[in-house]
Amino acid sequence: MAYGGSFQAKMSEESFDFICTTCDRNNKIVEAVRYCIECSGYCCQACTDTHKLFPALMNHNLLDASHGSKVGQAGNQQSSLPEFPTERCSLHKGKVLELYCKEHDDAVCSTCISTSHKSCPETSILSVPDMIDSLFKLDDTKQIIRRLKEMVGSMTTISKSTDRKLQALKEAKDGAVEKVEIFEKALISIIRKAAKDSKTEIVAAYQELENEILQDKQNVDALHDDLNQSEGKLNKSEGNRAQRFVCTKQAEKKLKEADSIKVLQGKTNSSDIPISFTPNRSLMNYIEGLSGIGEVTRKKVDMYIIKGNKDINIVLSDDSTQCYAGGCCLTQDNTLIVTDTKNRILKRINLDTLTIVDYCKLNGYPEDVCSINDKEVAVTYYFPCTIEFVSIQHKMSPIRQIKVSHKCGGITFKDDKLYVTDFGSSVYVYSTTGSLLNTLTTDNAGTRLFNQSKYITFDKKGDKMFVSDGEKGLVCFDGAGNHLTTSSDSDLKTASEVCVDGNGNIFVAGFNSHNVVQYDEDGKKVGVIVTQQDGLKHPMSVCFHQQLNRLFVTMRNSDVIKMYELE
């Protein structure tokens, strides 16, 4: 007869096939009815009932005792139990992952089968204990262990990288706060100096008025003495008519002086405040309206990904040929304006309906367009060499032109200046009236800056300018036009349009690489965010809508504009 537990001299004349492991430890011989996989021991009926009472034990997997061990010699047992999983389901607490779904290649519990796997064929649901010999392969486990170790290493690397990012973020925060404090002190210093200047002005006015009043008082006191003397002289001149005549005339003269002072004194209101201070209400209102003392920019350092995309149809019934959208820009009223070069039309798109709501026929072949203000945009013509201003109020219409001596390509507007490329070796800076202010051709060392200058944009703060060059890539300048860096990359072939996202990132379209490449504000590549697989073919221009997180891309010989939802 087979026995479970220890077989010792204490055993009574009663013999059982299986002995309760727990009771045996307490020197009791009790027949076992169950075997607990988690406890690795036999349980009598009482211990089985206990398993059902304690929360920590109630979900243990209890098998019939016949699945237990057979006893050979006392103290020596050889397991004959079927292999049974003990891992619990993360969704249905307490349930053992005893089933395998071939359809989803996943270990599941019985509740999972009745909820999430209703549609799975019954033949795909297998019992792990029953099918373990066919399901389990040692080589698979070894490979998984190797992959787990590799992934743990990768996660460790990523975790360390995240720690570095957090540290860099904290340092950036501390640096920004320090700049605020420095700026705060500078503002306070300026206000204190302005207050000191006002106090100095008040004191100067006081001293000037004080001197005037003291002088008046001195004159009044002197006249007061003269009047007393005149009265005395007249009193003494009695009996001498000649002397009295002379004294009378002198007294009359003094009285006239006194009358003039008295009249002036009568016109002066003693309640008038000779010095006052009126605060600068415009300054006060401006300060009160501030939500901060500067601009806080959250720089996005991660690469954008495409969340979705749409095609915007830009075909008009007036088009004479296939569309060729060379340039585009966003206006202040949330519309997108596109130059259709071959059809010689300027088209305006509503970004809510994604349809053309206005258009304007032009006399030349437009290359690029930029927003000037809420009333007009500027359009470039490669030939004839012209910059044309177009009204966008109500119906779009040309209003005036600037003739220049070079071909015009890309254009942007900043601080009342127009920046224009010639698709060649230069960038030209004009006033809005057409006066040439500057030309960028070489750096301070005399090195040529451009081989094929294309398009221009500025960062949000205006302290950096970015120019795309068809051969060199991305050329970066400071706000004063001083060359900083030139970035080229094998992923970017024949750079065309360039735009910014307002958070320190730059997008450059690759005409021959059929993509859009993201750079950071220092001109370092972040990654390729749009590729030919995303529907791009010879992209011409790019434009980013910061509030909507939308990237608009025009293409050569295409009747649609690609709109990408980014995140």
Side-chain angles (χ1 to χ4, degrees), residues 1-6 16-26 30-72 75-152 154-155:
M1 187 172 286
Y3 297 89
S6 64
F16 305 114
D17 289 338
F18 306 103
I19 297 175
C20 177
T21 305
T22 304
C23 293
D24 183 43
R25 289 172 183 162
N26 293 320
V30 182
E31 183 178 17
V33 296
R34 298 286 181 186
Y35 183 85
C36 179
I37 292 178
E38 283 78 10
C39 296
S40 299
Y42 290 89
C43 300
C44 64
Q45 189 58 53
C47 291
T48 301
D49 294 338
T50 300
H51 270 70
K52 297 177 182 178
L53 294 175
F54 287 92
L57 304 176
M58 61 189 303
N59 288 315
H60 281 198
N61 196 39
L62 297 170
L63 303 179
D64 189 270
S66 60
H67 291 104
S69 301
K70 292 183 180 180
V71 176
N76 297 321
Q77 62 181 42
Q78 183 178 2
S79 175
S80 63
L81 281 172
E83 295 182 84
F84 201 95
T86 60
E87 191 70 23
R88 303 288 173 173
C89 180
S90 60
L91 295 177
H92 308 105
K93 302 297 183 182
K95 295 288 186 178
V96 177
L97 299 173
E98 57 184 328
L99 300 172
Y100 171 71
C101 177
K102 290 173 64 176
E103 190 80 9
H104 293 90
D105 189 25
D106 195 13
V108 295
C109 72
S110 57
T111 305
C112 290
I113 294 298
S114 61
T115 55
S116 306
H117 296 262
K118 287 182 179 180
S119 60
C120 298
E122 290 185 9
T123 54
S124 69
I125 307 299
L126 304 175
S127 168
V128 173
D130 294 343
M131 303 298 295
I132 190 62
D133 290 337
S134 61
L135 293 174
F136 178 73
K137 293 180 181 178
L138 183 60
D139 290 342
D140 290 345
T141 302
K142 291 180 179 178
Q143 185 179 4
I144 290 295
I145 291 174
R146 179 181 57 79
R147 289 180 58 195
L148 284 171
K149 288 182 178 179
E150 291 175 354
M151 195 56 69
V152 166
S154 298
M155 292 302 104

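When every heavy atom of Ile19 is checked against every heavy atom of Ala32, the shortest pair comes out as C-CB, 3.7 Å. Contact between Ser124 and Cys120 at its shortest, heavy atoms only, is OG-CB, 3.8 Å. Heavy-atom minimum distance, Pro129 versus Glu98: CD-O, 3.6 Å.
With rounding to the nearest 0.5 Å, the separation of CD1 in Ile125 from OG in Ser110 is 11.5 Å. Distance check, rounded to the nearest 0.5 Å: CE of Met155 to CG of Leu148 gives 11.5 Å. Interatomic distance, Ile113 CD1 to Glu122 CD, rounded to the nearest 0.5 Å: 10.5 Å. How far CZ of Arg34 is from CG of Asp64: 5.5 Å, rounded to the nearest 0.5 Å.
Partners of Val30 under the side-chain contact (heavy atoms from CB on, under 4.5 Å) rule, at least two apart in sequence or in another chain, are Cys20, Cys23, Lys28, Cys44. Take Thr50 and apply the side-chain contact (heavy atoms from CB on, under 4.5 Å) test, not counting sequence neighbours, and it matches Phe54. For Glu31, the side-chain contact (heavy atoms from CB on, under 4.5 Å) partners two or more places apart in sequence, or in a different chain, are Phe16. By the side-chain hydrogen bond (donor to acceptor under 3.5 Å, both in side chains) test, Ser127 pairs with Asp130, sequence neighbours left out. The side-chain hydrogen bond (donor to acceptor under 3.5 Å, both in side chains) test applied to Glu150 returns Arg146, not counting sequence neighbours.
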- With side-chain contact (heavy atoms from CB on, under 4.5 Å) as the test, would you mind laying out the steps for Val96 and Arg88 before giving the verdict? CA-CA 4 Å; Val96 177; Arg88 303 288 173 173; 3.0 Å; yes
Considering only distance and modelled atom types, tabulate donor-acceptor pairs under 3.5 Å from the side chains of residues 99-107, sequence neighbours left out.
{"residue": "Tyr100", "atom": "OH", "partner": "Asp105", "partner atom": "OD1", "Å": "2.7"}
{"residue": "His104", "atom": "ND1", "partner": "His117", "partner atom": "ND1", "Å": "3.2"}

